[in-house]
Amino acid sequence: MPIIDVAVPVPLRQTFSYTSEQKLRPGVRVSVPFGRRQLIGVVTASYDDPVDDTESEVKLKAVTEVLDEQPLFDATLQALTQWLATYYHHPIGEVWATVMPTRLRKGGALSDSVPALTLTEAGQAEAQTPTLRGKKQLECIALLAQGPLASEEIKTKFSNVVLKALEEKALTTQTSIRLTEKQDWASFSLQQTPPTASTEQGVAIAAINQQASHFVPFLLDGVTGSGKTEVYLQVIEPVLKQGRQVLILVPEIGLTPQTVGRFERRFGISVGVLHSQMTDLARVKVWQQARRGELGIIIGTRSAIFTPLKRPGMIIVDEEHDESFKQQDGLRYHARDLAVKRAHTENVPLILGSATPSLESLNNALNKRYTHLTLSQRAGGASHTQLKVLDSRDQPLHAGIAQGLISIMRSHLQQGNQVLVFLNRRGFAPAVLCHHCGQTVDCKSCERPFTYHKSQGRLQCHHCGASRRMPEQCSECHSHDLQTSGIGTEQLEQGLGQLFPDIKQVRIDSDAVKGKDKLITRLDEINARKYQLLVGTQILSKGHHFPHVTLVVVLDCDGALFSADFRAAEKLAQLITQLAGRAGRASKPGEMWLQTDNPGHPLLQDLINNGFAHFARQALQERKLGALPPYSSQAIFRAEAGEAGLAANLLQQIRDCYRPSVNAAKGQFIGPLPCLIEKRQGRFRYMLVLQSQQRAALHSWLKHHLQEVEALPLASKVRWSLDIDPVDLS
DNA sequence: AGCACGCCGACT
DNA sequence: GTCGGCGTGCTC
């Protein structure tokens, strides 16, 4: 009887063998007995029993059910899945579970249609002139009036009672909706005349178009507002014309609708969208359509890199420096790196676009592994934002802003322009402390100060999300004299309200734009000039352009200047550059002020005087001298446990496992060290960094000793993980 | 990771 | 006398 190897979703670095009626193709899902449960796994290999030894077959269980006729993935994506398991040293079954849409992971069929609910004629009439008294029933009718909806989706919105009532009154009836539909997207015609490309854009477009038939990696290094998206649009066109599909990765920032709209308006074809907030069904629908070649363009966040494509033609990673492309738990893959790998195996061109390229990608461009395309001019002749530092030492501060800056803000506001104030700290104040003994009010499980949120009248821990009410007195000395310390966006907003009482302001941070679509609404209002003063966090630095903003103020750069994380400077420079790019247009040049206590800091000076491109090359030199990434490779073992000693001990033992090989090859250890945030949610976190200037050597050590590590008695007691090419050392 | 088996404390 | 604590061991 044939034997098949199956990758089951368990954290074990092996496959399991089963007997099967017939050989099965790799990539086919099967349901198998595993211990006392039933799991869905994926076939990785299939062969005749080499010894035809019935005794060995006795030990093997039989496959319960074969779920697919066709493999889920083609050979390329299967190879990529295998590569993921090897490169990230991750259990193959968990890798498969990560790369599959949830619905398929749970055993859902690859089908053309699913059961759905639709309105009957009576139902249509009811939707026109409501007569029902049931509020929920009317809501349901109104929803279905827009078209049929999959039963499993409607069940999450309405109770069975409601649905049954409607069906009994013959207002609704069972039907089905198609998950795939033929779309003749390759015969599209442009819906808009493309704008004439600038000289630089033209060069970039020509360079890409000339090499569009095979793998060439491009770094599209273009300042904000230089029209990178227009380059994407123009190089995509010939690819689509050939009937080839384009996969576009974008960061996780809730702005996907805007990008999608732009592509749809240009080509007049529907664009497949994949992001984390979609239902399982909607996601698998796009997945299947892409797999059948029914979509020409697929735009998605990190995990979209696993979308199967029938005729791949190009892969684009927009804002390639963005850290949201790195998964931070489970299989810690980097979607940008994977995009390079995938484009290579699919033999299609790859475009990495950014105004502030990661040092990794920039290095690849400088040493000619990537073709470097530069866009240095802003479209429409907009000038570059002027960067300046403001020395805040010995200056009186109001709401955390130096007097000098307030005057500058006032003059911009008086001219009717918008001003953006950036502060990367939400809440009212980052700490509450006792005026008497100096003790801060800390989160017990993280040992970090609580952030005070005045609007809720509560304290919130930004590390674990814990929340409690504001205490009456100090827990140490029982003094009632508690006061807040430091400034967050909430307080900044309040202070600015006092400084500029007649100016309309809006706050953009994750507290203020919590609801769905709220961010987009606010951003639209900003550009409609409903507000003049914009206060906010990170969110403001991502992807949105504010043409009426002429002044950007950054209040807290000092923290990052002296960080333990060697990437902090790179991140700050990217943030500042991205923020600077938000402002200004042709008729209104922008300026940007960085408020700092370290005006002479070399990083700030370099950025201000020479710009990001120069800063980045400088930073690369420093990385080279320090033998840091991208001039060396890193892997981090992390451990967390209720007792600090346990986590640190495990890492020490892991270090001992690796010591002989690492020392022999002149690799390095850093740690075990407590993580920057040592305690989170009541668990102590430690890390051990392994580093080598030879990537291959590092991977070979990891491979050879991982079994030893797994066999350590502590390894089953302490939660640990391995992070390859880490980007966040916290 | 699950999910069992297994061997010691406070309870209807 | 049992219910249940989580230690340890296995999963084709």
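In what follows, every chain begins at residue 1, and chains take the letters A, B, ... in the order their sequences are listed. As the structure is a computational prediction, the values presented were derived from the model and not from experiment.
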If only side-chain N and O atoms count, and only distance matters, is there a donor-acceptor pair under 3.5 Å linking A:Glu678 with A:Tyr686? yes

Answer yes or no: does a side-chain N or O of A:Lys61 lie under 4.0 Å from OP1 or OP2 of C:dC12? yes

Could you list where the contact with chain A starts and ends along DNA chain B, reading 5' to 3', using a 4.0 Å heavy-atom cut-off? B:dA1 to B:dA4

Are a donor atom and an acceptor atom from the side chains of A:Ser467 and A:Arg458 found within less than 3.5 Å of each other? yes

State whether a side-chain donor-acceptor pair under 3.5 Å links A:Asn424 with A:Thr537. no

Among A:Phe16, A:Tyr47, A:Tyr18, find the one that has a side-chain contact (heavy atoms from CB on, under 4.5 Å) with A:Ile4. A:Tyr18

Listed in order of residue number, which residues of residues 24-36 of chain A have a non-hydrogen atom at under 4.0 Å from DNA chain C? A:Pro33, A:Phe34, A:Gly35

Which pair of heavy atoms, one from A:Glu640 and one from A:Val718, lies closest together, and at what distance? O-CG1, 3.5 Å

Which heavy atom of A:Ala635 sits nearest a heavy atom of A:Leu702, and at what distance? CB-CD1, 3.9 Å

What is the separation between atom NZ on A:Lys59 and atom P on C:dT11, rounded to the nearest whole Å? 11 Å

Tell me: CD of A:Gln38 to P of C:dC12, nearest whole Å? 10 Å

Taking all non-hydrogen atoms of both residues into account, name the closest pair between A:Ser358 and A:His321 and its distance. N-CB, 3.7 Å

note: A:Tyr18, atom OH; C:dT11, atom P; distance rounded to Å ~ 11 Å

Taking side-chain hydrogen bond (donor to acceptor under 3.5 Å, both in side chains) as the cut-off, I'd like each qualifying pair that reaches into residues 92-103 of chain A, sequence neighbours left out, listed once. A:His90-A:Glu94, A:Arg103-A:Glu152

Set out, line by line, the N/O atom pairs under 3.5 Å between protein and nucleotides 5-7 of chain C.
none

Distance check needed: C:dC12 C1' versus A:Leu60 CG, whole Å only. 6 Å

Any luck finding a side-chain donor-acceptor pair between A:Gln460 and A:Thr451 under 3.5 Å? no

How about A:His462 and A:His453: are their ring centroids closer than 6.0 Å? yes

Regarding A:Arg13 and A:Glu710, does a basic nitrogen lie under 4.0 Å from an acidic carboxylate oxygen? yes

In residues 93-103 of chain A, which residues come under 4.0 Å of DNA chain B by heavy atom? none

Return the value, rounded to whole Å, for the distance between atom CD of A:Gln14 and atom P of C:dC12. 10 Å

Here the pair of heavy atoms bringing A:Ile539 nearest to A:Ser510 is CD1-N, 3.6 Å

Which pairs would a plain distance check flag for residues 644-656 of chain A, meaning a side-chain donor or acceptor within less than 3.5 Å of a matching protein atom at least two apart in sequence or in another chain?
residue	atom	partner	partner atom	Å
A:Asn649	ND2	A:Gly645	O	3.4
A:Arg655	NH1	A:Gly671	O	2.7
A:Asp656	OD1	A:Arg659	NH2	2.4

